[in-house]
Amino acid sequence: MSNTYLCTAIPYVNGNPHIGHAMDYLLADVYARYCRERGDDVRFQVGTDEHGNKVFSTAEKNHIPVMEYATENSQKFRDFIEQLDISYTDFIRTTDEDHVRRCQAIWERLSPHIYSADYDGWYCEGCESFVTQKEYDEHSGCCPDHQRPYIKLTEKNYYLRIADFKAELRTNIENDTLQILPEFRKQEMLRLLEDTPDISISRPRKQLSWGVPVPGDDSQVMYVWIDALSNYITVLGYPDQDISQWWPASAQFVGKDILRFHAITWPAILLGLGLPLPRRIISHGHVLADGQKMSKSIGNVVDPMAVLARHGLEAFRYYFLRHIDTFTDSDFTWDKFDQAYTQELANDLGNLVQRLATLCHKNDVHPVAGSPDLSDPNYTELMTSFHFSKAFDCVWSKIQALNREIDSSKPWELAKRGETEQAQQVLCDLAQKLLDVSVLLRPFLPDTARKIQDIFTADDIIVPATPLFPKP
RNA sequence: CGCGGGAUAGAGCAGCCUGGUAGCUCGUUUGGCUCAUAACCAAAAGGUCGUUGGUUCAAAUCCAACUCCCGCAACCA
């Protein structure tokens, strides 16, 4: 029995749960369930990132105490995770007292690699934020929102000296001590690493009040990096407790948009702390809406709640785990979703369960639940290399093969000819195979797998009154 | 010259690294079956593999140039 620790990115709570968040959770959940199936002890972290100006100002705008607002929104994510039946074990909030205290301890441990410097740039007093030189040029030196010129402002920031870790980090990524999946992202990160400057990790308190105070400097508050990224270890108790039983994480699951922070900033922090790097980071693609990037301005954002409501959780998990490729961008459309439900879940699997249950029932078959055969090398290879959508394909081809096998063995003909024992033997065999498949299905569709087990391991096989995936 | 991905049947994709009869899913057409959610099974039709040139006995596959899409860079996961 081995320990497996899995991490997901913690979403910023100034917004509602998005379909992209669901991808983090689903991928981690599949792997968590697979590892448990295999006998591992699994710890599985999720959580919310709650500090920062956006949360603060939204709360103010709505006249809600900021902590109350953060709690309310954090709860939305927690509910979302529950709705997806994610088998997490730890939920962390960056506003947790323990996290804040541990974060400060981490900062202190990193102090040999931290220095302060002045940051100067163009600043809009209306927005209360800096703009890039490019934005400055585009707007001809004048803020379009506030109609006032940008001013040159200098402020003190603390910086993390990334340069201290570049060489070691490059080696670790190159030799897969820190494995970045998929491979093409690894190459991307190696190139990016070369150009990464030192990172600003604090803001003056007057700029950013809602955050973790920098220890030893009341005028400064931590910017997102150390605060948010360190959650992966503070949730385990670092540095108060020995985390070596769980750390390094077996896998961290992130969207491609935040891979750079997890592949460069986060490992730099770990190296600074003298901690091992996560074994691997899995970067998944984005879900596109009909081939286009989802965007609030285009107005094509697909609400995960609406998807859940359409055909239920199992269909949700099915689509996003099988038809959204684990590593690259893939498309979601309502048509494709409906089609997947009808033709694959209902016709392939639902109907298979229904017809086989009926045949078993009519022929008085009592399958013996033997030990399932999990030794499919293809499936194992795909699961352990994190090609979940392909592993799911592999499971599905077994389901389709069972439908073919029923057709070719024609148990109903055997029954008609009075060859009862023959029919029972064939059906018993088929039912056993379906039970085997259902075990492989568990990480993906836990509820469906359980239903199949319940039906075919019962003393008397009863045909379900409503099929597994009823058609509208 | 910023970095990267892609262009293959009506749609969505695999094959390309390690050249040698072009494959999968859906859709379409036809047939079979009747255990099942009008579900299931089988077969057929359908492609000059983005363009042009090169290497080779042989190129979707290797090389060069070009055209067109898309992502990242730029706090919408």
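Keep in mind it's a predicted model, so treat the numbers as computed, not measured. First the proteins, then the strands, lettered A, B, ... as listed; each starts at 1. Both backbone and side-chain heavy atoms feed into the values below; hydrogens, waters and symmetry mates do not.
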- Message: Using 30° and 60° as the class boundaries, would you call the ring planes of A:Y318 and A:W396 parallel, tilted or perpendicular?
- Response: tilted
- Task: Please determine if a side-chain N or O atom of A:K256 lies less than 4.0 Å away from the OP1 or OP2 oxygen of B:rG4.
- Result: no
- C1' atoms of B:rC72 and B:rU30, separation to the nearest Å: 49 Å
- Message: Between B:rG19 and B:rC49, how many Å separate the two C1' atoms, rounded to a whole number?
- Response: 14 Å
- Determine the interatomic distance between P on B:rG2 and the same-named atom on B:rA45; round to the nearest Å. 49 Å
- Nearest-angstrom distance, C1' atom, B:rG53 to B:rA44: 38 Å
- Check: A:F332 ring centre within less than 6.0 Å of A:F320 ring centre: yes
- Item | Distance flag, aromatic centroids of A:H21 and A:F77, threshold under 6.0 Å | yes
- Secondary-structure notation, RNA chain B, from Watson-Crick and G-U pairs under 3.5 angstrom (| other strand): .(((((((.[[[[.)....(..]]]].(((((.......))))).....[[[[[..)....]]]]])))))).....
- Item | is_close_aromatic(A:F337, A:H311), centroid dist under 6.0 Å | yes
- Query: Touch check for A:V287, heavy atoms < 4.0 angstrom, all strands: base, sugar-phosphate only, or nothing?
  - Reply: base
- Query: Between the side-chain atoms of A:Y223 and the base atoms of B:rC75, is any donor-acceptor pair under 3.5 Å?
  - Reply: yes
- Task: Quote, to the nearest angstrom, the C1' distance that separates B:rG15 from B:rG20.
- Result: 14 Å
- Among A:K410, A:K416, A:R417, which residue meets the salt bridge (charged side-chain N to carboxylate O under 4.0 Å, His left out) test with A:E413? A:R417
- Task: Determine the contact category for A:H18: base if any of its heavy atoms lies under 4.0 Å from a base atom, sugar-phosphate if only primed atoms, P, OP1 or OP2 are that close, otherwise nothing.
- Result: base
- P atom, B:rG50 versus B:rA22: distance in rounded Å? 15 Å
- Only counting residues at least two apart or in another chain, list the ones meeting ring pair (Phe, Tyr, Trp, His ring centres under 6.0 Å) with A:H387. A:F327
- Query: Cationic tip of A:R78 within the cone over A:F91's six-membered ring, i.e. under 6.0 Å and within 45° of the normal?
  - Reply: yes
- Note on the structure: Letter by letter from the 5' end, nucleotides 31-41 of chain B scores (B base, S sugar-phosphate only, - none; protein heavy atoms under 4.0 Å) -BSSBBB-SBS
- Item | Same-atom distance (P) from B:rC69 to B:rG32, integer angstrom | 49 Å
- Item | Between B:rA77 and B:rU8 - C1' atom distance, rounded Å | 31 Å
